2 protein chains.
Amino acid sequence: MVPIGFERHDHADCVEAAIAAADARCTENGLRLTPIRRRVLEILLSRHCAIGAYDILDILKSDGVKAQPPLVYRALDFLTGHGFAHRVERLNAFVACAVPGQRHAPVLLICRTCARVAETHAEDDTALGRATRDSGFVVERAVMEAEGLCPTCQENAT
Amino acid sequence: MVPIGFERHDHADCVEAAIAAADARCTENGLRLTPIRRRVLEILLSRHCAIGAYDILDILKSDGVKAQPPLVYRALDFLTGHGFAHRVERLNAFVACAVPGQRHAPVLLICRTCARVAETHAEDDTALGRATRDSGFVVERAVMEAEGLCPTCQENAT
DNA sequence: TGTTATTCGTTATAGTATAACATATCAACT
DNA sequence: AGTTGATATGTTATACTATAACGAATAACA
Ligand SMILES: [Zn+2]
Ligand SMILES: [Zn+2]
Ligand SMILES: [Zn+2]
Ligand SMILES: [Zn+2]
C-alpha cells in the first residue's frame, strides 16, 4: 500500500476531487459544508502538510474574514468529526484526509524535514488490534503516527 | 500479549520495581536520576494514568518545592528521552513506561472513562511497518494510541 | 583545585484550546 | 409567509500547555 502525499501527483486534481467528494458526502448525509468549513478544508488541502489552527486563522484573516479562534476550532471539529480531516496529535495540527469517504483508522507519516504528511490506513491485524483482542479493551478511536524521513528527504540527505 | 495497567496487580511492587530499574539503568549508563527527576517519575508511577505537566507541578509545589514549569518539563524531557516515561500525545500528558529497559514503540490504550492508560508494544509487522516498507519512509519515532473503554469500565457500563 | 559540562532557579512569553453567551441563519412545519 | 426549534456564527475572555533565555549552583573530571 502506497501512502498518499509523498508521491508526485497532480495536486490541483487532488484538491478538486477532495472538495467534490466532501460536497457530495455532505449532501448525501445532510451535513452543511458552510463557506467557512469549506474554506478551512481548502486551506488544509492546499498542501499535504499539517497546519496549525492559528496558521489557519491567519490565512482566514488575510482573506479579510474577521475571525477568532473558536471559528477555526469549530470548523476543524466539523471536518475531523466527519472524517474530512485528521488531527495530527504529534504536532497539535491538522491535515486534510487523503482517503475521505471511508471510515478508517488513519496512519500518518510525518516527514520531519519537509513537514509533509502522508496518509495510509491500518488493516485490522495491527499491534493495536492484537493488543485489544487480547485485553478486552474496546477501541473507539485509534491514532497512529510515525515521524521520520520521507523518500525525497532521504535522497537529499545523502 | 496482555497490556500492563488495567489488570489487578500489586502496585506497590510495581512502583518499587520501576524505580529500582530506573536507578540501575541510570547507573549503568552514566545518567543522573536527580531528586527532582526521581520524584517526577514517582509521581508518574503513582497511578497508571496520564498526568499533565501542570498537575505534576502542583504536586511538587504541595511537596514544598518552589517549582516552575521548566523544572517539570526538563524532568519530563529526561524521563521520556531515556524511555522511563512516555508522552501521551492524545492528552498532552505523560505516563510512566510500563516496560522500561527495552527500546520499544509503545502502544498506549487510554480508557476514556477511568483515565487509566495501559501499555503494550508493537511488533514489527504493524500497519506502520508495512506502510513504511512499501513507501520508503523511514520511521524514527512511532506513536500508537487507542482511546476507548477498558474491560472494567465496559462491565460497569452495562 | 581549577575547568568544563550539566542541571537548576527564575522571569517572561509563546502557542494551543475552550467556556460562555449573544446573535444570526437555516429547515421544517402551520 | 410566519412561527419555531435547531444549528451555526460572532465575540470576549480565559484556561491550559510549552519554551526561550540567562544566570547561579552543582557535579564530573583532569
Ligand atoms: Zn495532493
Ligand atoms: Zn484519512
Ligand atoms: Zn502498577
Ligand atoms: Zn514504554
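Below, chain A is the first sequence line, B the second, and so on; all start at residue 1. Values in this document were obtained by computation on a predicted structure and should not be read as measured data.
When the C1' atom of C:dT16 is taken as reference, atom CG of B:Asn92 falls 8 Å away, rounded to whole Å. As a whole-Å value, the separation of A:Tyr73 OH from C:dA19 P is 12 Å. A:His82 places its NE2 atom 11 Å from the P atom of D:dT7, with the value rounded to the nearest Å. Taking atom CG on A:Asp77 and atom C1' on D:dT9, their separation rounds to 14 Å, with Å as the unit. B:Leu31 has its CG atom 17 Å from the P atom of D:dA27, to the nearest Å. Atom CG of A:Leu71 is separated from atom P of D:dT12 by 14 Å (rounded to the nearest Å). Between the CG atom of A:Leu91 and the P atom of D:dT17 there is a distance of 18 Å, rounded to whole Å. Regarding B:Arg90, its CZ atom lies at a distance of 13 Å from the C1' atom of C:dA17, rounded to whole Å.
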key: side-chain contact (heavy atoms from CB on, under 4.5 Å) evaluation trace for A:Leu60 with A:Ile43   = CA-CA 9 Å; A:Leu60 288 177; A:Ile43 291 167; 4.0 Å; yes
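A continuous path of ILVMFWY side-chain contacts below 4.5 Å connects A:Ile36 to A:Leu45, so both sit in one hydrophobic cluster.
Relative ring orientation between B:Phe137 and A:Phe6 is described as parallel, the plane-to-plane angle staying below 30° on a 0-90° scale split at 30° and 60°.
Within 6.0 Å of atom CD in A:Glu140, more than 12 heavy atoms from other residues, nucleotides or ligands are found, so the atom counts as buried in its surroundings.
In this structure, B:Lys66 does not reach the C:dG9 phosphate: none of its side-chain N or O atoms is under 4.0 Å from OP1 or OP2.
For DNA chain D, none of the residues of residues 47-62 of chain A falls under the heavy-atom distance limit of 4.0 Å.
Taking CD1 of A:Ile19 as the start and CD of A:Glu42 as the end, the distance is 4.5 Å to the nearest 0.5 Å.
Between A:Ala50 and A:Val88, the shortest heavy-atom distance links the atoms CB-CG2, 3.9 Å.
Not one N or O on the side chain of B:His82 forms a donor-acceptor pair closer than 3.5 Å with the backbone of B:Asp77.
A salt bridge links A:Arg141 to A:Glu89: at least one charged side-chain nitrogen sits closer than 4.0 Å to a carboxylate oxygen. Salt-bridge formation is not detected for the pair A:Glu28/A:Arg25: no Lys NZ or Arg NE/NH1/NH2 atom is positioned less than 4.0 Å from an Asp or Glu carboxylate oxygen.
Comparing B:Thr34 and B:Pro69 against DNA chain C, the residue whose closest nucleotide sits nearer the 5' end is B:Thr34.
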List every contact pair, protein side and nucleotides 20-27 of chain C side both N or O, where the distance is under 3.5 Å.
residue: C:dA20; atom: N6; partner: A:Arg74; partner atom: NH2; Å: 3.3

